[in-house]
Amino acid sequence: MASAIPLSELEHFYYVIEAVKAGLGISVILWPLVMDDLQQGQLLAPFCFIGSGQSYVVVRRQTCSARAEHFCAWLVSEARATPVPGDTS
């Protein structure tokens, strides 16, 4: 049976998240984009999150500037500090 409700396409994840928060519908959104809204109770994830199996990596030259080293260290630190779905610590 075809849906009688028209579907909408929004051009940016931000618009999608704001539309869902305004009660205009539901969506499938990546965890990092909504984790703060979920933790603050502004959004709900009734069916939890499923891992994609994908990973992020930092690639740099073997010899790089101190600023590049600092940036890579910060990036790794932020990634380790980012909670994963369902993390209650």
Quiz prompt | More than 12 heavy atoms from other groups under 6.0 Å of CG on Leu33 | solution = yes
Joining Ile, Leu, Val, Met, Phe, Trp and Tyr whenever any side-chain heavy atoms lie under 4.5 Å apart, the cluster holding Val28 also takes in none
Within one Ile-Leu-Val-Met-Phe-Trp-Tyr cluster: Val20 and Leu30, side-chain cutoff 4.5 Å: yes
Inset, instruction - May I ask whether Tyr14 and Val16 are part of the same hydrophobic cluster, defined by side-chain heavy atoms of I, L, V, M, F, W, Y residues being less than 4.5 angstrom apart, directly or through others? - result: yes
Contacts satisfying salt bridge (charged side-chain N to carboxylate O under 4.0 Å, His left out) that involve residues 46-59 (not counting sequence neighbours) are none
d(Trp31 CH2, Thr82 OG1) to nearest 0.5 Å is 10.0 Å
One should read off an interatomic distance between Ile29 CD1 and Met35 CE, to the nearest 0.5 angstrom, of 14.0 Å
Just so I know, are the side chains of Val34 and Phe13 near enough to count as touching, which here means a heavy-atom distance under 4.5 Å? no
Atom pairs and distances, side-chain donor-acceptor, residues 40-51, under 3.5 Å, sequence neighbours left out:
residue : atom : partner : partner atom : Å
Gln40   : OE1  : Gln42   : NE2          : 3.3
Gln42   : OE1  : Lys21   : NZ           : 3.1

